[in-house]
Undergrad: 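Sending over a structure as structure tokens; questions will come in a sec.
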2 protein chains.
Amino acid sequence: MLSAKMEDYLKAIYRLERDGTPPVATSTIADTLDVAPPTATSMVETLADRELVEREKYKGVTLTPEGETVALEVIRHHRLLETFLTEELGYDWSEVHEEAEILEHHISEEFERRVAAALDNPDVDPHGDPIPSDTLDPIDDIPASALADYGEGRRLLVARVRDRDPEELTYLDGAGIRPGVELVVEEVAPIGMVTVRLDSGETVALPDHIADAVQVRSPEDAADEVSEA
Amino acid sequence: MLSAKMEDYLKAIYRLERDGTPPVATSTIADTLDVAPPTATSMVETLADRELVEREKYKGVTLTPEGETVALEVIRHHRLLETFLTEELGYDWSEVHEEAEILEHHISEEFERRVAAALDNPDVDPHGDPIPSDTLDPIDDIPASALADYGEGRRLLVARVRDRDPEELTYLDGAGIRPGVELVVEEVAPIGMVTVRLDSGETVALPDHIADAVQVRSPEDAADEVSEA
DNA sequence: CTTTTCAATTAGATTAGTCTAAATCAGCGT
DNA sequence: ACGCTGATTTAGACTAATCTAATTGAAAAG
Ligand SMILES: [Mn+2]
Ligand SMILES: [Mn+2]
Ligand SMILES: [Mn+2]
Ligand SMILES: [Mn+2]
């Protein structure tokens, strides 16, 4: 059996592999999980012994297929829980992350199945992130980029919202910016500010660090994909 | 903060205090939690340092008010979870215990509040055990005794069913014996067998060890209490 | 008032996960 | 090619929870 800690390390490595280019450096893992570098070294050593990561000393690690499966399992738990807490227990969109971060390690497979069934097997969580299937096949991320990347004047669909910082989420939620919403970029100010107009007609100004949390795509692409499926 | 282990020890001590006469012996705790005696000794020492139990060396321990509050908190979590899993996720009556045994230590106070609200603040769990209030006031147990204690011929109300062994629960559930059901004791055989008749007319024979799991009371007493409240 | 018995504690070791401080290695800049 | 620098690993220590083996103590039996 794997400890909650090991699961968190694998999940972190999974995410870091996606973000950057593998292998993932020990110090990056240490930063992400807020532990001292030797702690990360020692943990990746155990993960390597368990064949959950491939490790090259002084270089870093990459997940093995088994390691990736574990990561996907934990992510599935996490996102199903976030969806469940939001839909069934009335949690606020911004407060589910912390709870899911813990429970993801403690629910049984039975619980996972029943929650998935109760939610009618959802494939995205409340933040717009894809939920791994019960067979834990590799996810292909929905292609989307930061709000400012499309330039001004484009009509865009909010694909997902990064769930790292609850404050950001509360702000965005209050402003009416959620996955599924469409908006137009009015202005990308060089000062570090993006202004968008919602369908309600309202105009919202977002400081860069918050705008970065909003991942958008073109509505046409989204429509194409639906017709494919 | 208290670890999951410490919470389990406090919950066990709470239950053992109810069952027998305090103080609770170290070896009893060790047996209950399935650890070696020195393990229990060392843990009750830490609990005493934290002032969660009163300890007299070579005698045993009793919960302090703070320790009792922690125990009640964990029991509240456990029983709310059991109720929730049964009512909202369609768990079988007999399979909720194990899941609740783990999750009880990991849900937040927010989760507790929301689950309680979703269930409309229940005061008994699916096995008929009382759920501590959110203020964690001491519970007064619903008075009830083992099936055989009333003698033959009495009409009785099933108050609760001990949730220790899932096999027993499955058997009893299959036989239609659940909290709230009324039945008549047909025969208490000296061989170690109790036969009861349900309202459906069906007769069920129960070996002693299973009959002991069924806690009953007189229907009149139950009615009295309802009118009091 | 001894002796015996066995529960309880002490002693000492183990594992997981963490830390700080010290040593070392890889890769860049000259 | 050489050495500097910073990332990485090693060394050594700590805490929580557990174990086995040895010791001690309390309380019953004689
Ligand atoms: Mn986590
Ligand atoms: Mn799972
Ligand atoms: Mn437990
Ligand atoms: Mn609580």
Side-chain angles (χ1 to χ4, degrees), chain A residues 1-13 16-17 19-63 66-67 70-71 74 101-102 104-106, chain B residues 1-13 16-17 19-63 66-67 70-71 74 101-102 104-106:
Chain A
M1 262 303 84
L2 301 178
S3 70
K5 292 295 169 162
M6 292 199 286
E7 290 182 353
D8 274 337
Y9 277 86
L10 292 169
K11 203 176 58 154
I13 294 166
L16 291 169
E17 275 187 356
D19 283 6
T21 334
V24 177
T26 311
S27 58
T28 318
I29 300 170
D31 282 355
T32 308
L33 295 176
D34 212 47
V35 295
T39 306
T41 297
S42 134
M43 182 54 103
V44 296
E45 229 170 298
T46 13
L47 293 174
D49 289 348
R50 302 268 217 127
E51 305 193 14
L52 295 163
V53 301
E54 197 74 58
R55 177 172 183 239
E56 229 185 309
K57 246 181 164 184
Y58 293 98
K59 286 286 187 54
V61 291
T62 53
L63 292 175
E66 299 79 52
V70 173
V74 179
E101 194 59 48
I102 293 171
E104 61 187 3
H105 310 291
H106 302 291
Chain B
M1 263 303 87
L2 301 178
S3 71
K5 292 296 170 161
M6 291 199 285
E7 289 182 352
D8 274 338
Y9 277 86
L10 292 170
K11 203 175 57 155
I13 295 165
L16 292 169
E17 275 188 358
D19 283 5
T21 334
V24 178
T26 311
S27 58
T28 317
I29 299 170
D31 283 354
T32 307
L33 294 176
D34 211 47
V35 294
T39 307
T41 298
S42 135
M43 182 55 103
V44 296
E45 230 170 298
T46 5
L47 293 175
D49 289 348
R50 302 268 219 129
E51 306 195 12
L52 295 162
V53 301
E54 197 74 58
R55 177 175 184 237
E56 231 186 309
K57 247 183 163 181
Y58 293 100
K59 286 287 186 54
V61 292
T62 53
L63 293 175
E66 299 78 54
V70 174
V74 180
E101 194 59 49
I102 293 171
E104 61 187 2
H105 310 292
H106 302 290

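Naming: A, B, ... by sequence-line order, numbering from 1 per chain.
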Undergrad: Check every nucleotide of DNA chain D for an atom under 4.0 Å from a heavy-atom of chain B, then give the first and the last such nucleotide from 5' to 3'.
TA: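 Result: D/dA17 to D/dA27.
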
Undergrad: Should we say atom CD of A/Glu66 is surrounded by more than 12 heavy atoms from elsewhere, each under 6.0 Å from it?
TA: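 Counting other residues, nucleotides and ligands, CD of A/Glu66 exceeds 12 neighbours.
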
Undergrad: Any side-chain heavy atom of A/Met43 within less than 4.5 Å of one from A/Thr26?
TA: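 No, their side chains stay 4.5 Å or more apart.
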
Undergrad: Find out whether B/Leu52 and B/Ile13 are in side-chain contact, i.e. whether some heavy atom of one side chain is under 4.5 Å from a heavy atom of the other.
TA: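 When only atoms from C-beta onward are counted, B/Ile13 and B/Leu52 do not touch, as no gap falls below 4.5 Å.
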
Undergrad: Flag the pair B/Val74 / B/Leu10 as yes when at least one side-chain heavy-atom distance between them is below 4.5 Å, and no otherwise.
TA: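 Answer no - side chains too far apart.
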
Undergrad: Is any side-chain heavy atom of B/Val35 less than 4.5 Å from a side-chain heavy atom of B/Tyr9?
TA: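 Side-chain contact under 4.5 Å: yes.
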
Undergrad: Rounded off to whole Å, could you give me the CG-to-C1' distance for the A/Leu47 and C/dG17 pair?
TA: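 Interatomic distance, CG of A/Leu47 to C1' of C/dG17: 12 Å.
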
Undergrad: So do A/Glu7 and A/Glu104 actually touch side chain to side chain, heavy atoms under 4.5 Å?
TA: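 No, side chains not in contact.
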
Undergrad: Can you tabulate the close N/O pairs, meaning under 3.5 Å, that link protein atoms to atoms of nucleotides 7-11 of chain C?
TA:
unit_1 : atom_1 : unit_2  : atom_2 : d
C/dA8  : OP2    : B/Ser27 : N      : 3.3
C/dA8  : OP2    : B/Ser27 : OG     : 2.5
C/dT9  : OP1    : B/Arg55 : NH2    : 2.6
C/dT9  : OP1    : B/Tyr58 : N      : 3.3
C/dT9  : OP2    : B/Thr26 : OG1    : 3.1
C/dT9  : OP2    : B/Thr41 : OG1    : 2.8
C/dT10 : OP1    : B/Lys57 : NZ     : 2.7

Undergrad: Could you go through A/Glu54 and A/Lys59, starting from their C-alpha distance and side-chain angles, then the distance that decides it, and tell me whether this counts as salt bridge (charged side-chain N to carboxylate O under 4.0 Å, His left out)?
TA: CA-CA 11 Å; A/Glu54 197 74 58; A/Lys59 286 286 187 54; over 6 Å; no

Undergrad: Rounded to the nearest Å, what distance is computed from the CG atom of residue A/Asp49 to the C1' atom of nucleotide C/dA16?
TA: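 So the CG-C1' distance, A/Asp49 to C/dA16, works out to 14 Å.
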
Undergrad: Are B/Lys5 and B/Leu33 close enough that some pair of their side-chain heavy atoms sits under 4.5 Å apart?
TA: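 The answer is no, as the side chains (C-beta and beyond) never meet within the 4.5 Å cut-off.
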
